[in-house]
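See structure below.
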2 protein chains.
Amino acid sequence: MPKRVDHAERRTDIAEALIRVAGRRGLHAVGMRDVAAEAGVSLRLVQYYFQTKEKLLLFGLEQLAERFGERVSARVRAAGDSPGPRAMVEALLMAALPADDESRTFHHLYTSYAVLAMTDRALAAQPFIKNPDAAEDALTELLRQAQEADLLDPDVDARLEAAGLLAMSAGLGTSILVGQRSPESATTVLDHHLNRIFRTGDAVLT
Amino acid sequence: MPKRVDHAERRTDIAEALIRVAGRRGLHAVGMRDVAAEAGVSLRLVQYYFQTKEKLLLFGLEQLAERFGERVSARVRAAGDSPGPRAMVEALLMAALPADDESRTFHHLYTSYAVLAMTDRALAAQPFIKNPDAAEDALTELLRQAQEADLLDPDVDARLEAAGLLAMSAGLGTSILVGQRSPESATTVLDHHLNRIFRTGDAVLT
DNA sequence: AACGTCATGGTACGTTCGTATCACGAAACC
DNA sequence: GGTTTCGTGATACGAACGTACCATGACGTT
C-alpha cells in the first residue's frame, strides 16, 4: 500500500466537518461538496471514505451522539465529587440544555436527524432508542441513590420521573433553539421541578 | 375578472395538500411538483397562488398551527363539562401527544419546521413563539383555577409548572415519533406527574 | 525492476428542483 | 363588443446535487 492513511481517523475528520457545517447552515442545506470544502479535501475523497451520502449522514449521527454522551458523562463525573446526588442530577439535565455552542449544535442536529428518522424508519434506529434509554437508565439510577439517601420524595417512581425529566429537558431545549425561551428561563423551570422532587429546597444551579 | 375563483380557499386546499404529502414523505422530501400532484392541480397553479416555495411553506405552517390549535381547544372544551379542572388539563396535554394520525402528522411537521426555524431565523418567528406562549397561558390559567379550588399542591408555581408540563409533553411526543416510547408509556409518565401535582390521586386518563 | 494496489484529483453525467416564459381561453368592464 | 385582466396549461432554463468514471502518483510486495 502507498501512503497508508488511517481510514478511521479520516472518517471522523470528515464527519466532524459535516457536524460543523451542518450546525452552521442546517443539516438540510449541506451537500457533499460543502462537507468536502469544510474538511479541506476534495469531493472525491468524501466519496472515497464514505461511498454514499446516506452512510456519511449515519456516521455523522453516531459521531454526534458519541461526543455528546462523553460530554454529559464528563460533567456528571465532575459534579460527583461535591454536594451529593442532586448536583449530579442537575449536571446531567443542565448539560443537556443548549446553553453553549456545542450543546446548541448537538440539539439542532440531533433534532434534524430525529425528523429524518421519523420517515426513514430504518435510518439510525439505534441512536434514537439506545442512547435515550441509556440516559434514562443513568438518571434513574441517580434518583434511586438519592431516594435511598432519603433526599427524595419517597413516592416518586424513579424510572417515570427520569423519563419525565429527560423529556422535559429535551422539550425545553427545543424551545430555546427556536427562540421561545431563554436558557435561564429553562433552567428555572427545571429547577422548580427538582425543588419539588427533592426534599431539600436548595437550588444548586449555575 | 374571469372565472373569479376564491383565492383563500384555493390556498388552503393547496396548503393541506402540502401537509398531507409532507406528513407522508417528510417535509424535506416534498417539492412543488409533489404538492401540485397531491392537490390535483398543475405546477403552474401552485406557483400562481404562492409565488415562491418559501411562501408556500410559511402558509403551510400557519395552517398547521391553526388547525392543531383548534383541535386542542375543542378537546379541552369537550372535557370542560364533566369532572373538573384536572380533566381539562389532561385533555390539553393528551391532545398534544401524537397518539392518532392527525397528531402524529402535526408533531412530525411542526418539528420539521422548528428545525428550519433554527437556521432561517426569520422563518416563522410567530408560530414558534406566539402559539406556544398561548398554550402556556391557557395551561397556566387552568392550573390557577385548580389551585383556587384547592385541588392543587399550593406550592407549585402555575406558570413554571405549565411551561414544564408542555415541554415534557413535547419531549415525550418526539420520543414517540422516533419509536423510543409508546403512546401509552408517555401517557403514564405524564399522569404520574399530574398525580403528584394534583391533590387527588385519581387518574382520569384514557 | 516490475507490478499491483491504495489514495487522490478532476470531471462528466443524469436527475431533480425552483423558477421563469410563452401562450391562450374566458369573463368582466367601458 | 372590444379590451383588458384573470386563471390555467405546457414547457423551458439554469443551477445544484449525488454519483460514476477516468487518470495518475506513490508505495509495498515479489
Side-chain angles (χ1 to χ4, degrees), chain A residues 1-22 24-61 109 112-113 115-116 119-120 122-124, chain B residues 1-22 24-61 109 112-113 115-116 119-120 122-124:
Chain A
M1 302 104 186
K3 283 192 208 161
R4 80 226 163 93
V5 81
D6 185 344
H7 271 227
E9 185 184 351
R10 214 69 131 130
R11 282 166 62 91
T12 69
D13 285 352
I14 296 176
E16 292 196 354
L18 161 67
I19 292 174
R20 282 197 304 275
V21 66
R24 247 182 284 128
R25 282 186 283 200
L27 189 61
H28 64 283
V30 307
M32 317 228 76
R33 288 165 176 84
D34 303 296
V35 176
E38 176 77 20
V41 300
S42 74
L43 168 62
R44 179 67 178 86
L45 272 234
V46 180
Q47 284 189 263
Y48 182 70
Y49 288 104
F50 305 89
Q51 294 74 41
T52 174
K53 188 188 186 184
E54 192 182 3
K55 291 181 185 170
L56 168 60
L57 289 179
L58 208 63
F59 188 81
L61 171 58
L109 296 186
S112 303
Y113 275 114
V115 166
L116 294 184
T119 42
D120 300 12
L123 173 81
Chain B
M1 302 100 186
K3 282 192 207 161
R4 80 222 164 99
V5 81
D6 184 345
H7 271 226
E9 186 185 352
R10 216 62 134 135
R11 283 167 61 91
T12 67
D13 285 353
I14 295 176
E16 292 196 353
L18 161 67
I19 292 174
R20 282 197 304 276
V21 67
R24 247 182 285 127
R25 281 185 285 201
L27 190 62
H28 64 284
V30 306
M32 319 228 75
R33 286 165 177 86
D34 303 295
V35 176
E38 175 76 22
V41 300
S42 74
L43 168 62
R44 179 68 178 85
L45 272 237
V46 180
Q47 283 189 265
Y48 182 69
Y49 289 104
F50 305 89
Q51 293 76 40
T52 175
K53 188 189 185 182
E54 191 181 3
K55 291 182 185 170
L56 168 60
L57 289 178
L58 209 62
F59 189 80
L61 172 57
L109 296 186
S112 303
Y113 276 113
V115 167
L116 293 184
T119 41
D120 301 14
L123 171 83

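Note on naming: letters A, B, ... go to the chains in the order of the sequence lines (proteins, then strands), and numbering restarts at 1 for each one.
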Extract all donor-acceptor atom pairs below 3.5 Å that involve side chains of residues 40-48 of chain B and protein atoms in other chains or at least two apart in sequence.
{"unit_1": "B/Ser42", "atom_1": "OG", "unit_2": "B/Arg44", "atom_2": "N", "d": "3.4"}
{"unit_1": "B/Ser42", "atom_1": "OG", "unit_2": "B/Leu45", "atom_2": "N", "d": "3.4"}

Requested in this report: Mind calculating the distance between CG (B/Leu45) and C1' (D/dT11) to the nearest angstrom?
Outcome: 15 Å
Query raised in the report: Does B/Tyr48 put a side-chain nitrogen or oxygen below 4.0 Å from OP1 or OP2 of D/dG7?
Result: yes
**Report entry** Minimum-distance pair of heavy atoms, taken over all atoms of A/Arg11 and A/Phe59
**Finding:** NH2-CD1, 3.5 Å
Query raised in the report: With a 4.5 Å limit on heavy-atom distance, are the side chains of B/His28 and B/Val115 in contact?
Result: no
Report task. Could I get the full list of side-chain contact (heavy atoms from CB on, under 4.5 Å) partners for B/Ala22, not counting sequence neighbours? Result -> B/Leu18, B/Leu27, B/Val30, B/Leu109
Pairwise N/O distances under 3.5 Å, protein to nucleotides 21-24 of chain C:
{"unit_1": "C/dT21", "atom_1": "O4", "unit_2": "B/Arg44", "atom_2": "NE", "d": "3.3"}

**Report entry** Test side chain to side chain donor-acceptor pair (under 3.5 Å) applied to A/Arg33 - qualifying residues, sequence neighbours left out
**Finding:** none
Query raised in the report: What residues in residues 49-57 of chain B put a non-hydrogen atom under 4.0 Å from any atom of DNA chain C?
Result: B/Thr52, B/Lys53
Report summary line: side chain to side chain donor-acceptor pair (under 3.5 Å) filter on B/Glu54, not counting sequence neighbours, yields none
Query raised in the report: How long is the line joining CD of A/Glu9 and P of C/dA7, in whole Å?
Result: 13 Å
Query raised in the report: Of the residues in residues 26-43 of chain A, which ones touch DNA chain C at a heavy-atom distance under 4.0 Å?
Result: A/Arg33, A/Ser42
Report summary line: Closest heavy-atom pair, B/Ala15 versus B/Gly60, reported as atoms and distance to 0.1 Å, is CB-CA, 4.3 Å
**Report entry** Qualifying salt bridge (Lys or Arg N to Asp or Glu O under 4.0 Å) pairs with a residue from residues 13-22 of chain A, counting only residues at least two apart or across chains
**Finding:** A/Glu16-A/Arg67, A/Arg20-A/Glu38
Query raised in the report: Given C/dA7, is OP1 or OP2 found less than 4.0 Å from the side-chain N or O atoms of A/His7?
Result: yes
Report task. Compute the angle between the rotation axes at the two ends of the helix from C/dA1-D/dT30 to C/dC30-D/dG1, each taken over five pairs, rounded to 10 degrees. Result -> 10°
**Report entry** Residues in salt bridge (charged side-chain N to carboxylate O under 4.0 Å, His left out) contact with B/Arg25, at least two apart in sequence or another chain
**Finding:** B/Asp34
Query - Sidechain-backbone polar pair: B/Tyr49 side chain, B/Thr12 backbone, donor-acceptor under 3.5 Å - result: no
Query raised in the report: CG/B/Leu61 to CG/B/Leu123 distance, rounded to the nearest 0.5 angstrom?
Result: 7.0 Å
Report task. Please examine the side chains of A/Leu57 and A/Tyr113, heavy atoms only from C-beta on, and report whether any two atoms are closer than 4.5 Å. Result -> yes
